[in-house]
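Before any comments, here is the structure.
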Amino acid sequence: MQRRILILFLGCWSPVLLAQLNPFGISEQGLDYEAGRAIFEKVWVSSPSSTQASDGLGPLYNARSCEQCHIESGKGDTDTGLIFRINHAQFGSQIQNRAVPGLAAEPQPAIGMINTEVSLADGTVISLQAPQFQFEDSQEINEFSARLAPSLAGIGVLANIPITDLMRLADPADRNDDGISGRKGLGRFGWKADVTSLAEQVGLALSLDIGISSTLYPDPYADCTSMQDDCLMMPHGASEQHQEMELGIEAFNTLVNFVRQIPPPPVGQIDQAGQAVFDELACGACHASGFGSGNINPYTDMLLHDMGPALADNQNNAFSQEWRTPALWGLAAYTQRAEQYYLHDGRARSLSEAILWHGGEAEQSKQAFMALPADRRDDLIRFLQGL
Ligand code: HEC
Ligand code: HEC
């Protein structure tokens with residue numbers, strides 16, 4: 001009862017209030033938050049198992065916990081955190097490259113790199129690597145969309161930005177003629193902005209990524225298709241012994257509630273010279289800030305943009321070049337990591353590489369970046385490293 005009241009109460013918070021109360025992520029993190037975190041970090045095991053509360057993994061899966069892909073609720077790396085969405089009669093809607101004992105996993109992706117070099121106006125040369133994905137032992141998977149696990153910091157704040165605020169930024173027909181359109185996706189979550197709610201996204205993750213059934217996706221066989229008889233014969237964790245689904249409704253709500261409360265990154269020192277370059281290059285046309293009463297600065301419009309053919313996925317459909325603008329808040333901490341992965345498939349190893357991949361609606365911004373003298377380019381990078 002107490003918990004239900006707490007959830008209702010949290011549900012009423014406006015994003016502004018949430019951001020104000022939560023600048024350092026210390027406020028409302030009570031017992032419920034910790035319980036949710038435990039589910040986020042729980043390492044699932046295959047059935048049958050003596051630890052029934054944690055069994056139900058798979059039969060096919062990509063990782064055994066949320067945390068393995070969203071490291072410390074942040075981004076993933078390309079070893080574990082990179083998944084492949086497909087639309088395939090045999091393999092379903094995602095490649096699961098791991099399986100419980102006794103079952104063969106789906107084809108493993110192999111990543112090759114093609115290097116190209118880009119020369120900037122001042123003579124600096126930066127090398128870019130374009131991933132070439134292939135699936136071992138399989139000629140059949142030609143259409144896919146590779147996606148890296150994004151950071152979940154502040155995702156509840158992003159979920160709460162009123163749709164009217166985002167629609168104000170959308171300009172699908174490019175009426176203001178700035179070359180930047182911006183289109184609202186079917187939803188707000190995922191790299192294609194096609195998932196409508198956090199609960200749906202969490203249900204989808206449990207099902208497709210870990211093979212755990214829950215209220216919105218109740219099939220314990222998750223992404224096993226009718227062509228995968230061996231998969232459909234494996235034991236699963238949904239039994240009368242604990243509950244109807246591998247993750248019961250109360251635990252599911254606790255997990256969603258945790259995700260909603262993962263705090264936004266702390267606000268760092270803004271580099272004024274770099275901010276001026278960011279503004280001049282119109283980066284903020286997509287990496288938008290100043291929501292709420294101006295104090296919510298995620299540097300994303302949560303809209304889809306055509307980023308040009310070099311960033312297209314391999315789905316070969318009308319949306320292959322479209323990606324939702326990623327938030328740039330949190331770069332201060334992330335850029336401290338020894339290995340960094342940027343863009344939807346993690347191909348860029350540095351901020352400069354990430355910017356140089358921009359094309360399509362962001363072509364002008366990129367060209368302006370390439371034309372900058374070195375000191376102003378450094379200003380921009382320093383600004384980003386402070387977010
Ligand atoms: C195998 C890696 C993997 C695992 C495990 C995983 N995720 Fe994700 N997660 C991703 C990827 C990849 C995306 C982007 C999906 C897309 O673009 O369609 C994502 C997206 C999300 C998003 C949306 C973020 C946004 O910016 O829109 C949320 C929320 C999320 N995951 C929560 C979870 C939770 C909760 C769990 C555990 C139940 C989980 N994830 C497990 C890889 C993973
Ligand atoms: C037309 C909209 C648009 C403009 C203008 C734009 N970006 Fe982006 N930016 C995006 C999108 C969309 C992505 C994701 C593309 C992908 O992953 O394939 C992205 C990705 C990034 C990333 C990688 C973030 C991550 O976590 O992976 C950085 C850094 C970035 N942009 C910085 C900039 C800077 C700096 C500028 C100005 C020079 C700029 N962007 C201009 C839309 C835009």
Side-chain angles (χ1 to χ4, degrees), residues 36 39-40 42 61-70 73 75-76 80-85 94 96-98 145-152 155-156 158-159 178-182 187-195 198 201-210 212 214 247 255-256 258-260 262 277-278 280-287 299-308 310-313 321-328 330-331 334 340-348 350-355 357-358 360-366 368-369 372 380-381 383-384 387:
I39 303 171
F40 190 85
K42 181 204 284 266
Y61 64 96
N62 293 96
R64 293 174 58 193
S65 71
C66 308
E67 165 78 18
Q68 283 176 0
C69 289
H70 300 282
S73 323
K75 274 198 217 190
T80 310
L82 188 66
I83 56 110
F84 295 84
R85 283 289 161 76
Q94 185 166 310
Q96 283 90 17
N97 62 339
R98 293 184 174 81
S145 185
R147 305 189 191 172
L148 187 72
S151 171
L152 304 182
I155 192 76
L158 295 175
D178 64 353
I180 298 176
S181 39
R188 195 177 285 206
F189 304 102
W191 280 102
K192 297 285 185 185
D194 54 358
V195 178
L198 273 182
Q201 178 73 54
V202 173
L204 203 59
L206 285 163
S207 178
L208 289 182
D209 302 343
I210 315 183
I212 296 295
S214 60
L247 188 69
L255 176 61
V256 175
F258 163 77
V259 171
R260 198 181 297 286
I262 297 172
V277 183
F278 188 82
E280 189 181 308
L281 270 48
C283 308
C286 305
H287 297 284
Y299 299 94
T300 172
D301 56 7
M302 299 300 272
L303 299 174
L304 292 168
H305 296 276
D306 181 336
M307 295 298 285
L311 284 176
D313 66 20
Q321 298 184 179
E322 285 191 340
W323 300 103
R324 189 195 74 191
T325 312
L328 300 180
L331 285 176
Y334 189 69
Q340 296 155 41
Y341 305 89
Y342 298 101
L343 302 175
H344 65 272
D345 54 14
R347 67 176 69 186
S350 67
L351 293 170
S352 300
E353 283 185 38
I355 298 167
W357 277 110
H358 282 54
E361 295 173 32
E363 181 67 28
Q364 282 179 29
S365 278
K366 178 190 64 186
F369 175 76
L372 289 176
L380 175 65
I381 299 297
F383 165 75
L384 296 173
L387 298 180

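In each ligand, atom 1 is the first atom listed, and ligand 1 is the first ligand listed. Numbering of residues begins at 1 and proceeds along the displayed sequence.
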When every non-hydrogen atom of Cys283 is compared with those of Ser365, the smallest separation belongs to N-OG, 4.2 Å
Honestly, for Ser151 the part within reach of ligand 2 (heavy atoms, under 4.0 Å) is neither
Per-atom contacts, ligand 1 versus Asn62 - under 4.0 Å to a heavy atom:
1 (C)
Side chains of Pro326 and Tyr299: does their closest heavy-atom pair fall under 4.5 Å?
no
So does Glu67 have more than 12 non-hydrogen atoms from other groups sitting under 6.0 Å from CD?
yes
Say whether Tyr334 and ligand 2 are in contact under the criterion: heavy-atom distance to a ligand atom below 4.0 Å.
no
Can Lys192 and Asp313 be counted as an ion pair, charged N to O under 4.0 angstrom?
yes
Looking at SG of Cys286 and CH2 of Trp323, how far apart are the two atoms once the value is rounded to the nearest 0.5 Å?
15.5 Å
Nearest neighbour in protein (non-hydrogen) for atom 26 (O) of ligand 1
Arg324 NH2, 2.8 Å
Below 4.0 Å, non-hydrogen atoms only: which portion of Leu198 touches ligand 1? Side chain, backbone, both or neither.
side chain
Please indicate how many protein N/O/S atoms are found closer than 2.8 Å to atom 8 (Fe) of ligand 2, with waters neither displayed nor included.
2
Is there a side-chain contact between Ile355 and Leu281 in this structure, where contact means two heavy atoms from C-beta onward sitting under 4.5 Å apart?
no
Pick from Leu255, Leu206, Val202: which one makes a side chain to side chain contact (heavy atoms under 4.5 Å, CB included) with Ile39?
Leu255
Pair Gln68, Asn62 - check side chain to side chain donor-acceptor pair (under 3.5 Å), show working.
CA-CA 10 Å; Gln68 283 176 0; Asn62 293 96; over 6 Å; no
Check: Leu148 and Asp345 side chains under 4.5 Å, non-hydrogen atoms
no
Under-2.8 Å protein N/O/S neighbours of atom 8 (Fe) of ligand 1, ordered by chain then residue number:
His70 NE2
Under 4.0 Å to a heavy atom of Ser65 - the qualifying atoms of ligand 1, by number:
5 (C)
Looking only at N/O atoms, are Asp194 and ligand 1 under 3.5 Å apart anywhere?
no
Which atoms of ligand 1 sit under 4.0 Å from any heavy atom of Leu206?
38 (C)
Could you tell me whether the side chain of Leu208 reaches within less than 4.5 Å of the side chain of Ile83, counting heavy atoms only?
no
Considering all heavy atoms of both residues, which atom of Cys69 and which atom of Ala149 are nearest to each other, and what is their separation?
O-CB, 3.6 Å
Quick one: are Phe40 and His70 in side-chain contact, heavy atoms under 4.5 Å?
yes
Among non-hydrogen protein atoms, atom 15 (C) of ligand 2 lies closest to Leu343 CD2, 3.8 Å
The answer for which part of Leu311 has a heavy atom under 4.0 Å from ligand 2 is side chain
Ligand 1 versus Ile155: contacting region, heavy-atom distance under 4.0 Å
side chain
Among all the protein's non-hydrogen atoms, which is closest to atom 29 (C) of ligand 2, and how far away is it?
Leu351 CD2, 3.7 Å
among protein heavy atoms, the one nearest atom 17 (O) of ligand 1 is Trp191 N, 2.7 Å
Give the atom numbers and elements of ligand 2 that come within less than 4.0 Å of a heavy atom of Glu361.
1 (C)
Proximity flag Glu67 to ligand 1, non-hydrogen atoms under 4.0 Å
no
Would you call Arg347 and Leu311 a side-chain contact if the rule is heavy atoms closer than 4.5 Å?
yes
Exercise: identify the closest heavy-atom pair between Met307 and Ala362
CE-CB, 4.0 Å
Whether Lys75 engages the ring of Tyr341 as a cation-pi pair (distance to the six-membered ring centre under 6.0 angstrom, angle to the ring normal within 45°) should be assessed.
no
Between Val259 and ligand 1, find which residue part has any heavy-atom pair under 4.0 Å and reply side chain, backbone, both or neither.
side chain
Is ligand 2 less than 4.0 angstrom away from at least one heavy atom of Phe369?
no
Has Ser145 got any heavy atom lying under 4.0 angstrom from an atom of ligand 1?
no
Can you give me the closest heavy-atom contact between Ala348 and Trp357, atom names plus distance?
CB-CD1, 4.2 Å
Nearest non-hydrogen atom to atom 18 (O) of ligand 2 belongs to which of Lys75, His344, Met307, Gln321?
His344
Identify the protein heavy atom lying closest to atom 27 (O) of ligand 1, giving its residue, its atom name and the separation to 0.1 Å.
Gly190 N, 2.7 Å
A side-chain contact here means heavy atoms from C-beta on lying under 4.5 Å apart; do Leu158 and Met302 qualify?
yes
Min side-chain heavy-atom separation Phe278-Leu384 under 4.5 Å:
yes
To the closest 0.5 Å, what do you measure between CG (Leu351) and OH (Tyr334)?
10.0 Å
